[in-house]
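Take a look at the structure below.
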There are 2 protein chains.
Amino acid sequence: MSRSGADLALLLLGGYRTLVDAAVVELAARGYDDFRPVHDFVMRAVAAGADTASEVGRRTSVSKQAAAKTIAVLVDRGYVSSEADPADARRKRLRVTERGFDVLRQGEAIFDELREAWGRRIGAAELALLEERLTTLVGDDVVRPDAPGWVARDAG
Amino acid sequence: MSRSGADLALLLLGGYRTLVDAAVVELAARGYDDFRPVHDFVMRAVAAGADTASEVGRRTSVSKQAAAKTIAVLVDRGYVSSEADPADARRKRLRVTERGFDVLRQGEAIFDELREAWGRRIGAAELALLEERLTTLVGDDVVRPDAPGWVARDAG
DNA sequence: GTCGGTTCGACAACTTGGTTGTCTAAAACT
DNA sequence: AGTTTTAGACAACCAAGTTGTCGAACCGAC
């Protein structure tokens with residue numbers, strides 16, 4: 001039985017959604033019910049040194065306006081702090097808060113647990129093989145910064 | 001090197017996006033530059049017998065209002081036709097047009113070609129194995145009708 | 001055979017995560 | 001000093017969704 005190409009795409013999407021939906025639910029259960037996957041991307045950019053909205057926009061391949069909107073939400077929810085930059089009056093210096101780092105760490109842990117659960121189901125070696133094949137096919141630069149909208153609207 | 005769980009999720013998303021983006025580009029090159037993945041889902045529902053907006057909404061797990069909006073776009077672009085139902089004055093009877101069936105067929109063909117290209121890269125047997133493992137993990141009911149928003153905003 | 005509930009589609013207001021375009025203020029070149 | 005670039009703030013808009021409301025039409029029960 002040769003699957004159709006469309007089925008393959010749906011299978012991949014299904015895999016992603018299965019993991020992310022489970023992670024969002026678990027994160028909500030741990031008290032972060034206002035956190036979305038897209039926030040994770042933006043916060044990682046901030047944590048990695050993008051300390052202005054414009055820079056976050058560039059790194060996540062999104063307009064600075066869109067980045068500013070998302071950041072406003074994150075600041076509002078206490079995941080990111082924003083203060084005037086004494087060295088450059090145009091800039092607002094962004095930093096991930098303690099709560100922000102906490103949700104990032106917990107998110108990582110949840111995904112690792114989910115991956116382990118998958119490993120128990122098909123075998124760790126098989127899972128590693130699957131990852132290897134997928135890496136071959138889609139490349140190692142999955143999170144490359146030239147893909148606009150990549151993660152938006154994926155965990156409604 | 002044990003990959004992180006988050007990487008696995010990104011790998012799956014990357015796979016899906018790689019296929020869908022390529023398909024959207026190819027479809028646009030063939031003259032369907034106003035077609036989005038979400039339209040495919042809705043049209044398949046119509047083709048499968050959902051001939052009213054409310055029914056499409058139910059089958060795609062979306063409010064009837066959202067379904068009606070998407071259908072309005074499809075009708076506007078000539079992929080679906082809408083006419084009064086002589087048997088029930090409340091209903092508008094929906095049907096996929098010739099142009100609609102054409103885009104569905106071409107979309108299928110494109111995805112099949114993409115899958116074959118993948119098969120040439122890692123081997124058909126390996127690809128089949130990958131699909132089998134994924135099916136085990138996410139289930140065969142990937143396109144199940146209880147997942148709202150599943151495909152929206154995925155090929156911006 | 002009318003009356004009450006259900007269904008269909010329409011309309012409106014709102015949400016999220018994006019987009020352009022315009023503008024000011026501040027910094028940086030030269 | 002003067003021009004150009006940059007950051008961020010607004011505004012208007014888009015796409016795909018949501019809820020709520022509504023009238024018209026249908027259906028079933030009394």
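Every chain is numbered from 1, with letters handed out A, B, ... down the list of sequences.
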Original post:
Which of the following nucleotides, D:dG8, C:dG17, D:dA25, is nearest to the side chain of A:Arg91?
Top reply: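 For A:Arg91, the side-chain atoms sit closest to D:dG8.
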
Subject >> Plane angle bin for B:Tyr79 and B:Phe35 - parallel if under 30°, tilted between 30 and 60°, otherwise perpendicular >> reply: perpendicular

Original post:
What is the distance, rounded to the nearest whole Å, between atom NZ of B:Lys92 and atom C1' of D:dC26?
Top reply: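 Rounded to the whole Å, the gap is 17 Å.
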
Original post:
CD of B:Glu55 versus P of C:dC8: gap in Å, rounded?
Top reply: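 About 8 Å, once rounded to whole Å.
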
Original post:
Counting only distance, no hydrogens or angles, is the base of C:dG21 paired donor-acceptor with the side chain of A:Gln65 under 3.5 Å?
Top reply: yes

Original post:
Just checking B:Ala68: base, sugar-phosphate only, or nothing, at a heavy-atom cut-off of under 4.0 Å?
Top reply: nothing

Original post:
Are more than 12 heavy atoms from other residues, nucleotides or ligands located less than 6.0 Å from atom CZ of A:Arg93?
Top reply: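 Counting other residues, nucleotides and ligands, CZ of A:Arg93 exceeds 12 neighbours.
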
**OP:** Evaluate the salt bridge (charged side-chain N to carboxylate O under 4.0 Å, His left out) criterion for residues B:Glu55 and B:Arg58: first the C-alpha distance (whole Å), next the side-chain angles of each, then the deciding distance (0.1 Å), finally the verdict.
**Re:** CA-CA 5 Å; B:Glu55 182 59 24; B:Arg58 279 188 293 268; 2.8 Å; yes

Original post:
If you find the nucleotide of DNA chain D closest to B:Lys64 and the one closest to B:Thr70, which residue's nucleotide is nearer the 5' end?
Top reply: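 Looking at DNA chain D, the more 5' nearest nucleotide goes with B:Thr70.
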
Ignoring backbone atoms, establish whether [X] has a side-chain N or O less than 4.0 Å from OP1 or OP2 of [N].
X       : N      : answer
A:Ser63 : C:dT19 : yes
A:Lys69 : C:dT19 : no
A:Arg58 : D:dT6  : no
B:Ser54 : C:dG9  : yes

Original post:
Same cluster for A:Leu114 and A:Ile122 if Ile/Leu/Val/Met/Phe/Trp/Tyr side chains link at under 4.5 Å?
Top reply: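 A:Leu114 clusters together with A:Ile122.
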
